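A short worksheet on the structure shown next.
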Amino acid sequence: TMDDLLMQRADERGFISRPEILERGFGDRDIRHAIASGILVRIGAGLYAPAPAYRALTDDAKLASRSRAVFHRHRGAVVLTHQSAAAIHGIAMWGAEVDEVHVTRLDGGRSRHEARVQHHVGRIDSADVVELDGVLVSSPERCVWELACEQTTESALVSADSALHRGLVTAESLDETAEQFRTWGGSRSGRLA
């Protein structure tokens, strides 16, 4: 079984990484045993969460947990964006896929899709990035537009309304952000919403 210190870290953050487990003297066999025993659940490549707590989460909260873990693994190289940013901000999503973590590369890395992580490339200004609980995420305005460009008009409306209702954005701040997205594919849905 995993030691108390390791499980306390996993409980506090919601995840633990394979290197952290190995650092404490446990091996891959111990990880497999912890998964089989229902102590841990695999949430990504080399990333694990306390099984009972993780299984009790909503789908959006599970995405937030996986997103924080992926950010930790890629610290300094990525910003959480799209659905991942929405999950961290608490912006409602309707009909959006929440199985994958979305990150935008800051390190010049290439766009790719691997192990349920979608790596986006593109320019993201520092003004469009905020820090929440130690993770970098796209600002609420940018997040709403990222979702709007990839979802249906109805889904975009749900997310925009949620962000407005929670006081994360204003109609004016969404309008000010619109110019950045005018050439994005799917921006028509965002404008309609």
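Bear in mind the structure is a predicted one, so any value in this text is a computation, not a measurement.
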Can you run down the side-chain hydrogen bond (donor to acceptor under 3.5 Å, both in side chains) pairs that involve residues 50-59, sequence neighbours left out, and say none if there aren't any?
Tyr54-Arg66
Give the intermediate values and the outcome of side chain to side chain contact (heavy atoms under 4.5 Å, CB included) for residues Thr104 and Val121.
CA-CA 6 Å; Thr104 295; Val121 294; over 6 Å; no
Okay, side chain of [X], backbone of [Y]: is any donor-acceptor separation there less than 3.5 Å?
{"X": "Asp30", "Y": "Gly27", "result": "yes"}
{"X": "Ser84", "Y": "Val101", "result": "no"}
{"X": "Ser67", "Y": "Leu63", "result": "yes"}
{"X": "Arg166", "Y": "His89", "result": "yes"}
{"X": "Thr177", "Y": "Ser173", "result": "yes"}
{"X": "Asp125", "Y": "Asp128", "result": "no"}
{"X": "Glu20", "Y": "Ser17", "result": "yes"}
{"X": "Ser159", "Y": "Ala92", "result": "yes"}

Could you give the side-chain donor-acceptor pairs of residues 35-49 under 3.5 Å, partners two or more places apart or in another chain?
from, atom 1, to, atom 2, distance (Å)
Ser37, OG, His33, O, 2.8
Ser37, OG, His33, ND1, 3.2

Can you list the steps and then say if Gln83 with Met93 is a side chain to side chain contact (heavy atoms under 4.5 Å, CB included)?
CA-CA 8 Å; Gln83 289 93 321; Met93 294 177 277; 3.6 Å; yes
For Asp133, does the CG atom sit with more than 12 other heavy atoms under 6.0 Å from it, leaving out its own atoms?
no
Counting only heavy atoms not in Asp4 (residues, nucleotides, ligands), do more than 12 fall under 6.0 Å from its CG?
no
Pair listing, ring pair (Phe, Tyr, Trp, His ring centres under 6.0 Å) test, anchored in residues 114-135, at least two apart:
His74-His119, His82-His120, His102-His120
Show every ring pair (Phe, Tyr, Trp, His ring centres under 6.0 Å) that has at least one partner inside residues 142-178, sequence neighbours left out.
Trp145-Phe181
ring-ring contact (aromatic ring centres under 6.0 Å, His included) filter on His72, not counting sequence neighbours, yields Phe15
Measure the spacing between OG1 of Thr152 and CH2 of Trp94 and express it to the nearest 0.5 Å.
6.0 Å
Could you give the distance from CG (Leu132) to CZ (Arg68), rounded to the nearest 0.5 Å?
8.5 Å
Please give me the minimum heavy-atom distance between [X] and [Y], naming the atom from each residue.
{"X": "Phe26", "Y": "Asp3", "value": "CZ-N, 3.5 Å"}
{"X": "Glu146", "Y": "Ser138", "value": "OE1-OG, 3.1 Å"}
{"X": "Thr81", "Y": "Val103", "value": "OG1-C, 3.7 Å"}

Please assess Val129 against Ile124 for the test side chain to side chain contact (heavy atoms under 4.5 Å, CB included), listing each intermediate value before the final yes or no.
CA-CA 8 Å; Val129 177; Ile124 184 165; 3.9 Å; yes
Answer yes if Ile88 and Ile91 sit in the same cluster of Ile, Leu, Val, Met, Phe, Trp and Tyr residues linked by side chain heavy atoms under 4.5 Å apart, and no otherwise.
no
Would you sort out whether Glu97 and Gln118 count as a side chain to side chain contact (heavy atoms under 4.5 Å, CB included), showing the intermediate values?
CA-CA 12 Å; Glu97 293 293 325; Gln118 178 63 52; over 6 Å; no
Going by an N to O cut-off under 4.0 Å, is there a salt bridge joining Asp99 and Arg116?
no
State whether Glu179 and Arg182 are salt-bridged, where the test is any N-O pair (Lys NZ or Arg NE/NH1/NH2 against Asp/Glu carboxylate O) under 4.0 Å.
yes
Who else is in the cluster with Leu192 when I, L, V, M, F, W and Y are joined by side-chain contacts under 4.5 Å?
none
